[in-house]
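Have a look at the structure below before the remarks.
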Amino acid sequence: MLELERFSVKIAGRSILTDVSCCSDPGSIYGLVAPNGFGKTTFLKGIAGLAGTDVQGGIFADGVRRDRDGAFRRLVHYVSGAPPPCTARGRSGSTSGP
């Protein structure tokens with residue numbers, strides 16, 4: 001479960017997101033849909049605590065506050081871009097791909 005309390009993000013001193021509060025239901029999957037430039041990536045990077053974002057407010061994953069880096073980082077990950085292509089290794093050791 002992910003919970004945000006008055007979550008705000010600034011980049012280079014400019015407010016990008018302000019006072020967002022929400023709570024996800026355990027086991028649910030959500031999507032962020034908005035036009036380009038509306039802060040979807042900034043929102044996710046702010047939750048993950050990536051460099052370049054000044055974040056305020058409470059951020060919790062399964063009750064663990066983001067301030068506790070080790071425990072929080074084991075629960076929350078941010079992956080950017082497309083995944084690498086999958087390959088399969090046959091019995092002979094050869095690699096085949098798409």
Side-chain angles (χ1 to χ4, degrees):
M1 181 171 74
L2 183 66
E3 183 177 0
L4 306 176
E5 294 177 352
R6 301 195 64 171
F7 174 72
S8 298
V9 178
K10 290 182 180 180
I11 296 179
R14 181 174 167 230
S15 290
I16 306 298
L17 300 167
T18 305
D19 286 337
V20 175
S21 294
C22 60
C23 183
S24 67
D25 295 322
S28 295
I29 297 173
Y30 296 88
L32 296 175
V33 180
N36 290 344
F38 271 66
K40 299 176 300 291
T41 300
T42 300
F43 176 74
L44 295 173
K45 285 183 175 182
I47 291 170
L50 297 178
T53 57
D54 174 15
V55 177
Q56 303 293 316
I59 305 167
F60 303 87
D62 288 341
V64 176
R65 188 176 180 92
R66 195 183 88 180
D67 298 345
R68 296 182 53 212
D69 277 339
F72 186 87
R73 288 183 186 268
R74 284 189 289 276
L75 297 169
V76 176
H77 305 280
Y78 176 83
V79 178
S80 178
C86 295
T87 60
R89 190 169 296 279
R91 289 186 184 165
S92 66
S94 64
T95 302
S96 61

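Side-chain atoms are counted along with the backbone in the values below, which use heavy atoms only and exclude waters and symmetry mates.
In this structure, Ser8 contributes its side chain and Gln56 its backbone to no donor-acceptor pair below 3.5 Å. In terms of modelled atom types and a separation under 3.5 Å, the side chain of Ser21 and the main chain of Arg6 share a donor-acceptor contact. At least one donor-acceptor pair closer than 3.5 Å links the side chain of Lys40 to the backbone N or O of Pro35. Of the possible donor and acceptor atoms, one in the side chain of Tyr30 sits under 3.5 Å from a partner among the backbone N and O of Asp25. With Asp54 contributing its side chain and Ile11 its backbone, the two residues share no donor-acceptor pair below 3.5 Å.
In this structure, the side chains of Phe60 and Leu75 stay at 4.5 Å or more apart for every pair of heavy atoms. Residues Val9 and Phe43 have side chains not in contact (no heavy-atom distance under 4.5 Å, counting atoms from C-beta outward). For the pair Val76 and Arg66, the minimum side-chain heavy-atom distance is 4.5 Å or more. Between Ile47 and Phe7, some side-chain heavy-atom pair lies under the 4.5 Å cut-off.
Thr41 OG1 to Leu50 CG: the interatomic distance, rounded to the nearest 0.5 Å, is 11.0 Å. Here NZ of Lys10 is found 14.5 Å from OG1 of Thr42. Values are rounded to the nearest 0.5 Å. For the atom pair Glu5 CD and Asp19 CG, the distance stands at 12.0 Å (nearest 0.5 Å). Between atom CZ of residue Phe38 and atom CG of residue Leu32 there is a gap of 13.5 Å, rounded to the nearest 0.5 Å.
Neither Met1 nor Phe72 shares a network with the other; the hydrophobic side chains, linked directly or stepwise wherever heavy atoms of I, L, V, M, F, W or Y lie under 4.5 Å apart, form separate groups for each.
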